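Everything on this sheet refers to the single structure shown next.
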2 protein chains.
Amino acid sequence: MQSSILRPALADPPAQLAHDRVYRGLRQQVMHGELFPGTPLTLRGIGKSFGVSMTPAREAVRRLTAEGALTFSASGRVATPELSNERIEELASIRALLEPELASRALRRAHLALIDRMESINDSNARAIHRQDPVEYIRTNLEFHRTLYLRAQSPAMLGLLETVWLQLGPTMRALYTRLKRTTAPPHHRLILEALRAGDDAALRLALRTDVTQGLRHLVV
Amino acid sequence: MQSSILRPALADPPAQLAHDRVYRGLRQQVMHGELFPGTPLTLRGIGKSFGVSMTPAREAVRRLTAEGALTFSASGRVATPELSNERIEELASIRALLEPELASRALRRAHLALIDRMESINDSNARAIHRQDPVEYIRTNLEFHRTLYLRAQSPAMLGLLETVWLQLGPTMRALYTRLKRTTAPPHHRLILEALRAGDDAALRLALRTDVTQGLRHLVV
DNA sequence: ATGGGAATAATGTGATCACAGATCATCGCG
DNA sequence: CGCGATGATCTGTGATCACATTATTCCCAT
């Protein structure tokens with residue numbers, strides 16, 4: 001920390017550890033698609049933008065590269081990942097494997113208040129599409145899914161899924177920016193209907209198609 | 001690196017980055033069950049045992065905690081994870097989800113040489129059981145599975161699975177040490193038979209039972 | 001104008017240090 | 001003899017520095 005002597009002795013201790021603040025900040029930028037694929041980052045730059053030295057920035061970057069949110073180019077340069085089409089399809093198929101399972105586990109615990117909240121998030125999602133706001137679209141889309149999966153009470157599986165989302169963040173940004181569509185994807189309504197009906201098979205199918213269709217016809 | 005002046009100028013540059021050596025070494029210790037759950041580790045101790053300073057040790061630890069291989073106890077102390085029974089069951093169910101999928105993807109590419117190699121690994125596995133060598137048992141067991149999954153050509157999915165194995169490493173060590181069984185699990189033979197027969201459904205089932213049975217009756 | 005090479009700047013890496021908080025041992029008191 | 005307080009030690013954190021390597025810039029020769 002090094003505070004008392006050389007520093008002007010700011011009275012409040014850091015409410016959160018510095019490297020954790022940096023980690024969370026960068027993670028959100030990547031997952032929400034605020035960064036395009038291949039965006040170069042520097043330790044000193046990250047540190048400066050968060051008001052810390054290189055050390056916490058390095059630890060945050062190390063953590064994020066471990067999760068696939070960032071990649072090291074040749075000789076240590078760090079950047080957001082540029083995924084090949086095969087990798088995109090593989091990550092989509094992982095989503096297609098995990099998300100129906102998480103939804104199914106959440107189904108029995110999904111009471112009406114939860115469904116209403118998901119519907120409200122879905123409205124925000126539709127507005128983001130009309131506004132052509134890619135970041136807000138990605139954010140609300142993930143929030144829609146996460147709100148459901150939180151009910152599955154499977155933290156390890158949700159954690160795994162979030163690393164997949166993380167890896168796809170910059171790619172989704174690039175795709176949704178290129179696309180400029182103005183109509184909402186139809187599958188969220190199917191998900192909500194299956195939840196209301198308590199229909200496990202329909203729910204699993206709705207999620208699988210939402211996940212795969214969402215990327216399949218974008219990758220060319 | 002800091003070599004030329006203060007150091008005796010050892011001529012060879014580090015073939016691999018120091019933090020990466022530390023990361024790989026620790027990762028193997030955890031995954032192969034060389035460490036029991038709750039084993040405390042210290043940055044300075046890790047650094048000393050690898051002949052480096054705290055800095056690379058810190059980065060390796062940060063990376064491993066991101067993958068769930070290590071946990072931070074209250075106020076930053078680092079240790080191997082002590083999993084609750086619910087967490088163990090959840091991780092087992094993730095294995096039961098991913099491993100049949102990986103096996104199925106590998107099936108079409110599993111030629112005879114691969115099956116022979118798996119059989120040889122399985123023999124080593126059986127010997128490790130007779131020798132009551134938990135670490136070697138865990139190592140060969142994972143190698144048996146990984147040899148198959150490598151053929152699936154799905155690096156992201158295999159990477160996800162390996163983080164699950166990592167989280168289970170110390171727990172498996174504790175369980176297999178406590179158990180002291182001397183008979184090989186029967187499911188590996190079923191896996192090999194399904195591979196030879198090219199029977200996808202049987203292969204998926206064999207893996208699912210191998211994964212779940214392997215842990216289910218140990219957790220009490 | 002253009003291509004190449006040298007000088008310069010930028011970047012990641014690892015070591016070291018000061019510091020704060022936690023942990024542990026020891027000693028003294030009841 | 002037991003137990004709590006107090007001092008010493010241990011541990012993670014963040015900053016800073018030296019260094020090697022890579023990238024960039026700039027200038028001159030063709």
Side-chain angles (χ1 to χ4, degrees), chain A residues 1-26 35 38-66 69-82, chain B residues 1-26 35 38-66 69-82:
Chain A
M1 203 67 70
Q2 187 182 11
S3 59
S4 57
I5 299 183
L6 298 178
R7 288 287 168 183
L10 65 161
D12 55 333
Q16 200 84 244
L17 259 27
H19 69 86
D20 212 65
R21 277 194 309 116
V22 177
Y23 168 76
R24 264 191 255 276
L26 278 179
L35 272 34
T39 306
L41 299 174
T42 69
L43 263 30
R44 287 172 177 86
I46 293 169
K48 182 145 60 177
S49 87
F50 283 90
V52 297
S53 83
M54 310 171 45
T55 310
R58 232 196 307 187
E59 302 192 30
V61 164
R62 197 66 70 189
R63 217 168 137 187
L64 287 165
T65 55
L70 298 175
T71 61
F72 277 107
S73 66
S75 80
R77 246 63 169 210
V78 53
T80 49
E82 302 182 89
Chain B
M1 205 68 66
Q2 188 178 10
S3 59
S4 58
I5 299 184
L6 299 179
R7 288 287 167 184
L10 65 161
D12 55 335
Q16 201 82 246
L17 259 27
H19 69 85
D20 212 64
R21 278 193 310 118
V22 178
Y23 167 76
R24 265 190 254 276
L26 277 180
L35 273 36
T39 305
L41 298 174
T42 69
L43 261 29
R44 287 171 176 85
I46 293 169
K48 183 146 58 179
S49 88
F50 283 89
V52 297
S53 82
M54 311 171 45
T55 309
R58 232 195 307 187
E59 301 192 31
V61 164
R62 197 65 71 188
R63 217 168 136 187
L64 287 164
T65 55
L70 298 175
T71 60
F72 278 106
S73 66
S75 80
R77 245 67 166 204
V78 53
T80 50
E82 302 183 88

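The chains referred to below are lettered A, B, ... by the order of the sequence lines, with proteins before strands, and numbering in each begins at 1. Computed from a prediction, not measured in an experiment: that's the story for all the values here.
- Here the side chain of B:Thr80 pairs a donor or acceptor atom with the backbone of B:Thr39 at under 3.5 angstrom.
- A donor and an acceptor atom never sit less than 3.5 Å apart when one is taken from the side chain of B:Arg62 and the other from the base of D:dG12.
- Among the heavy atoms of the strands lying under 4.0 Å from B:Thr42 are primed sugar atoms or P, OP1, OP2 only; no base atom is included.
- In this structure, CD of A:Glu59 is placed 14 Å from C1' of C:dT13, rounded to the nearest angstrom.
- Nearest heavy-atom pair across A:Ala79 and A:Pro40 is CB-CA, 4.1 Å.
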*side-chain contact (heavy atoms from CB on, under 4.5 Å) assessment of A:Leu41 paired with A:Val61*: CA-CA 10 Å; A:Leu41 299 174; A:Val61 164; over 6 Å; no
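- Residue-to-nucleotide proximity on DNA chain C shows that, of A:Ser75 and B:Met54, the 5′-proximal contact is made by A:Ser75.
- Contacts of B:Ser53 with the nucleic acid, taken as non-hydrogen atoms under 4.0 Å apart, include base atoms.
- With hydrogens and angles ignored, a donor-acceptor pair under 3.5 angstrom links the side chain of B:Arg58 to the base of D:dG14.
- Listed candidates were C:dA15, D:dA15, D:dT13. Nearest to the side chain of A:Leu17 is D:dT13.
- Rounded to an integer number of Å, the gap from B:Leu41 CG to D:dC10 P is 17 Å.
- As rounded to whole Å, 11 Å separates atom P of D:dA15 from atom NE2 of A:His19.
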*Does the pair A:Val78 and A:Arg62 meet the rule for a side-chain contact (heavy atoms from CB on, under 4.5 Å), with working shown?*
CA-CA 10 Å; A:Val78 53; A:Arg62 197 66 70 189; over 6 Å; no
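- For A:Arg44, counting side-chain heavy atoms from C-beta on, the closest listed nucleotide (D:dT13, D:dA18, C:dG14) is D:dA18.
- Across all strands shown, B:Ile46 has no heavy atoms under 4.0 Å from either base or sugar-phosphate atoms.
- Atoms CZ (A:Phe72) and C1' (C:dT13) sit 10 Å apart, rounded to a whole Å.
- A:Pro81 approaches A:Ala69 most closely through the heavy-atom pair CD-O, 3.2 Å.
- Taking atom CG of residue A:Leu43 and atom C1' of nucleotide C:dT11, one finds them 8 Å apart after rounding to whole Å.
- Rounding to whole angstrom units, CD of residue A:Gln16 and P of D:dT13 are separated by 12 Å.
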